[in-house]
Amino acid sequence: MSGTATLEIDGKKYEFPITVGTENEVAIEISSLRNVTNGVTTLDPGYKNTGSCESAITFLDGEQGILRYRGYAIEELAEKADFLEVAYLLIFGELPTREQLQKFHRDIKEQSIVAEDMKKILDGFPQAAHPMGVLSSLTSALIAFNPSSVNVDSEEEMYKAIVKIMGKFPVLTAWTYRKRAGLPLDYGDDSLGYVENFLKMMFKKPHSEFKRNEIVSNAMDKLLILHADHEQNCSTSTVRMVGSSHAGLFASLSAGISALWGPLHGGANQAVIEMLEAIKADGGDTKKYMAKAKDKDDPFRLMGFGHRVYKNFDPRAKIIKTAADDVLASLGIDDPILDIAKGLEKEALEDSYFVDRKLYPNVDFYSGIIYRSLGIPVEMFTPMFALGRLPGWIAQWREMRLRKEPIGRPRQIYIGETLRSFKDIDHR
Ligand code: SDX
């Protein structure tokens, strides 16, 4: 499809160019709309029908349940790549050669030391503070220890900032957990792989050697790949919006972490387990929760179900569901909430409320069951999502800056009071 779209307003016709992407997605390019129509804008709460940018990073087709990073199918990457390879692919656009990957990992290791004074900031938080709030604050605090903002016109400076946050973020994530668990902070071991080193920083006991477990590190690596990017979701759009004002990379990432925290977004993985545990405590009464989810007067939603874009199975949920069976079997874990989750999925997919609204399990529905089997506590599930999404946020921020996108500033339709005169306080 090419050519133009015609809009008629008050009997006057306006033409706007049609943009077609490499996967034949079609958009009406309306950047001249307000000027040519003397002030008319569009209105689209939640941007359900509005593209914010052109991007070459991730393609997803919600109707077909397709997800690709830089053209590679998520199913292939989850099976054949490792997380650092996928991070490199997302950020720089191509799968790395062996030498490029080794250099990337070496440079990241160089940066995986966090300034000792950051521990004083961490100590300032109450032990019960939610890890997402701590992580967002620590990421923002990194700016104070790395004040120079990124000169995006310098590939070298951009690369340095990228390996810096890729090196420090796993440390901050693990420290956030250990602070909450009352454990001494651990700096890891740079002889280990990226994901295995993160697991060591998380779980090494102060009085014993770290026990490597290939099943656990492979499962974690796969989960991080599956969370690595997802085009213009809420938190990525936040990272782009903040970065569009030319705020620094770390400040933009800190904002993205806060957006991801919400239970409608990345916080859903924690909410799913809490929901499944509640159902288990209720004697496995899934019907009660299905009824609550369908009751318009009840704010309860079936957490881990539904998606703004996927109106078919979330391909990541399919992969994670299979991995959950494999990981729990390999670890010899029989977790009754996995059966509850499968039962809930079956019931929902046979229920017209969910079928009519095309509500399927999303990435968050099964991920928590694996995280739990790996020994990760539920309040750390969303930080795991953030750790996976980090390269996607970086890639999207970098693309936005390199394409010199304008500052994000949506319009509105004002529905408030029209002009009125000030009233003296004694006459209100
Ligand atoms: C993520 O965008 C991304 O890519 C996000 C993400 C990523 O990788 O970055 O994929 C990660 O955030 C996954 C989503 C995790 N959130 C949840 O699991 C929370 C539960 N899901 C919902 O809150 C909801 O489905 C959203 C927020 C995910 C999507 O909401 P939309 O697109 O705004 O859809 P909607 O609220 O307009 O719902 C349409 C209808 C409504 O019913 P009607 O008014 O038409 O009668 O479906 C209903 C909703 O009430 N509905 C649900 C439901 N989700 C939608 N009803 C019950 N349970 C649900 N989970």
Side-chain angles (χ1 to χ4, degrees), residues 44-52 55 57-63 65-69 74 78 86 90 132 223-240 256-276 279 286 288-320 341 344-345 347-349 351-369 381-382 384-393 395-396:
D44 185 21
Y47 313 113
K48 294 191 176 187
N49 307 281
T50 299
S52 60
S55 176
I57 298 169
T58 290
F59 169 70
L60 57 92
D61 179 325
E63 282 67 34
I66 291 170
L67 173 59
R68 297 187 199 129
Y69 297 160
I74 190 66
V86 169
L90 285 167
M132 284 299 275
L223 282 169
L224 294 176
I225 289 172
L226 292 168
H227 286 80
D229 193 54
H230 214 238
E231 57 131 284
Q232 305 311 316
N233 59 83
C234 178
S235 52
T236 299
S237 298
T238 302
V239 169
R240 278 180 169 256
I257 294 165
S258 297
L260 186 72
W261 191 359
L264 294 188
H265 190 17
N269 56 19
Q270 174 175 346
V272 166
I273 293 295
E274 289 163 351
M275 173 185 74
L276 295 173
I279 293 173
T286 50
K288 172 180 162 187
Y289 287 82
M290 292 280 285
K292 281 170 63 70
K294 298 190 287 187
D295 177 357
K296 287 300 161 206
D297 297 326
D298 189 328
F300 174 81
R301 288 198 155 185
L302 201 60
M303 301 314 278
F305 255 76
H307 197 277
R308 171 60 55 77
V309 178
Y310 288 124
K311 301 308 172 189
N312 194 324
F313 251 95
D314 181 334
R316 302 166 297 176
K318 275 185 185 171
I319 297 169
I320 295 174
L344 205 52
E345 175 191 333
E347 274 184 60
L349 298 185
D351 184 299
S352 60
Y353 174 93
F354 292 87
V355 174
D356 295 350
R357 292 168 177 79
K358 297 181 180 174
L359 303 176
Y360 290 86
N362 59 49
V363 67
D364 293 309
F365 190 62
Y366 286 104
S367 54
I369 293 169
F381 287 4
T382 310
M384 294 305 108
F385 194 146
L387 185 64
R389 188 54 52 90
L390 179 66
W393 285 334
Q396 300 273 351

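Both counts, for ligands and for their atoms, begin at 1 and track the order of listing. All values reported here derive from a predicted model rather than from experimental measurement. Computation of the quantities below employed the complete heavy-atom set of this structure, encompassing side-chain atoms and omitting hydrogens, waters and symmetry-equivalent molecules.
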- prompt: What protein heavy atom sits nearest atom 42 (O) of ligand 1, and how far away is it?
  reply: Lys296 NZ, 3.2 Å
- prompt: In terms of residue, atom name and distance, what is the protein heavy atom nearest to atom 4 (O) of ligand 1?
  reply: His230 ND1, 2.5 Å
task: Just need the protein heavy atom nearest to atom 7 (C) of ligand 1, so name the residue and atom and give the distance.
output: Arg389 NH2, 3.5 Å
query: If you measure from each non-hydrogen atom of Thr236 to ligand 1, which part falls under 4.0 Å: side chain, backbone, both or neither?
result: neither
query: Can you name the residues that form a salt bridge (Lys or Arg N to Asp or Glu O under 4.0 Å) with Asp61, not counting sequence neighbours?
result: none
- prompt: Can you find a heavy atom in the side chain of Ile74 that is under 4.5 Å from one in the side chain of Tyr69?
  reply: yes
task: Would you please indicate if the ring centroids of Tyr289 and Phe300 are separated by under 6.0 Å?
output: yes
Atom 39 (C) of ligand 1 touched by protein (heavy atom, under 4.0 Å): no
query: Contact between Leu359 and ligand 1, counting heavy atoms under 4.0 Å?
result: yes
- line: Minimal heavy-atom distance between Asp364 and Gly266, with the atoms involved, is OD1-O, 4.2 Å
field: Closest to atom 17 (C) of ligand 1 (judged by heavy-atom distance), picking from Ala317, Ala268, Gly62
entry: Ala268
Nitrogen or oxygen of Phe305 less than 3.5 angstrom from that of ligand 1: yes
query: When you measure from atom 28 (C) of ligand 1 to every protein heavy atom, which one gives the shortest distance, and what is it?
result: Gly306 O, 3.7 Å
- request: Please assess Ser367 against Asn269 for the test side chain to side chain donor-acceptor pair (under 3.5 Å), listing each intermediate value before the final yes or no.
  value: CA-CA 7 Å; Ser367 54; Asn269 56 19; 4.5 Å; no
- line: When distances are taken from atom 10 (O) of ligand 1, the protein heavy atom at minimum range is His307 NE2, 2.6 Å
message: I need the nearest protein heavy-atom contact for atom 58 (N) of ligand 1: residue, atom name and distance, please.
response: Leu302 N, 3.0 Å
- prompt: Can you list the atoms of ligand 1 that are under 4.0 Å from a heavy atom of Gly304?
  reply: 17 (C), 18 (O)
From Arg389 atom CZ to Ile257 atom CD1, the distance as rounded to the nearest 0.5 Å: 12.5 Å
message: For atom 30 (O) of ligand 1, what's the nearest protein heavy-atom neighbour? Residue, atom name and distance, please.
response: Arg301 NH1, 4.1 Å
field: Gap between atom OH of Tyr360 and atom CG of Asp314 - 0.5 Å precision
entry: 12.5 Å
query: What atoms of ligand 1 come within less than 4.0 Å of a heavy atom belonging to Asn233?
result: 2 (O), 3 (C), 4 (O), 5 (C), 9 (O)
Heavy atoms from other residues, nucleotides or ligands near NZ of Lys311 exceed 12 (cutoff 6.0 Å): yes
Option nearest atom 48 (C) of ligand 1 (shortest heavy-atom distance, choices Tyr360, Phe385, Tyr353): Tyr353
task: Return yes when Gly46 approaches ligand 1 closer than 4.0 angstrom through a heavy atom, no otherwise.
output: no
message: In this structure, does ligand 1 have an atom that sits under 4.0 Å from one of the heavy atoms of Gln232?
response: no
statement: Contact region, Leu264 to ligand 1, non-hydrogen atoms below 4.0 Å, reads both
- prompt: Does Tyr353 OH have over 12 foreign heavy atoms under 6.0 Å away?
  reply: yes
- prompt: Is a donor on one side and an acceptor on the other found under 3.5 Å between the side chain of Ser235 and the backbone of Ala259?
  reply: no
message: Could you check, using the six-membered ring where one of them is a Trp, whether His230 and Phe385 have ring centers closer than 6.0 angstrom?
response: no
- prompt: Which heavy-atom pair separates Ala395 from Leu90 by the least distance, and what is that distance?
  reply: CB-O, 3.2 Å
- request: Compare Arg357, Arg308, Met303, Lys48 and give the one whose heavy atom is closest to atom 35 (P) of ligand 1.
  value: Lys48
- line: d(Trp393 CH2, Asn233 CG) to nearest 0.5 Å is 8.5 Å
message: Residue-level breakdown please: for Lys294 versus ligand 1, do any non-hydrogen atoms fall below 4.0 Å on the side chain, on the backbone, on both, or on neither?
response: neither
task: Quick one: look up the protein heavy atom nearest atom 13 (C) of ligand 1 and list residue, atom name and how far away it is.
output: Asp364 OD2, 3.5 Å
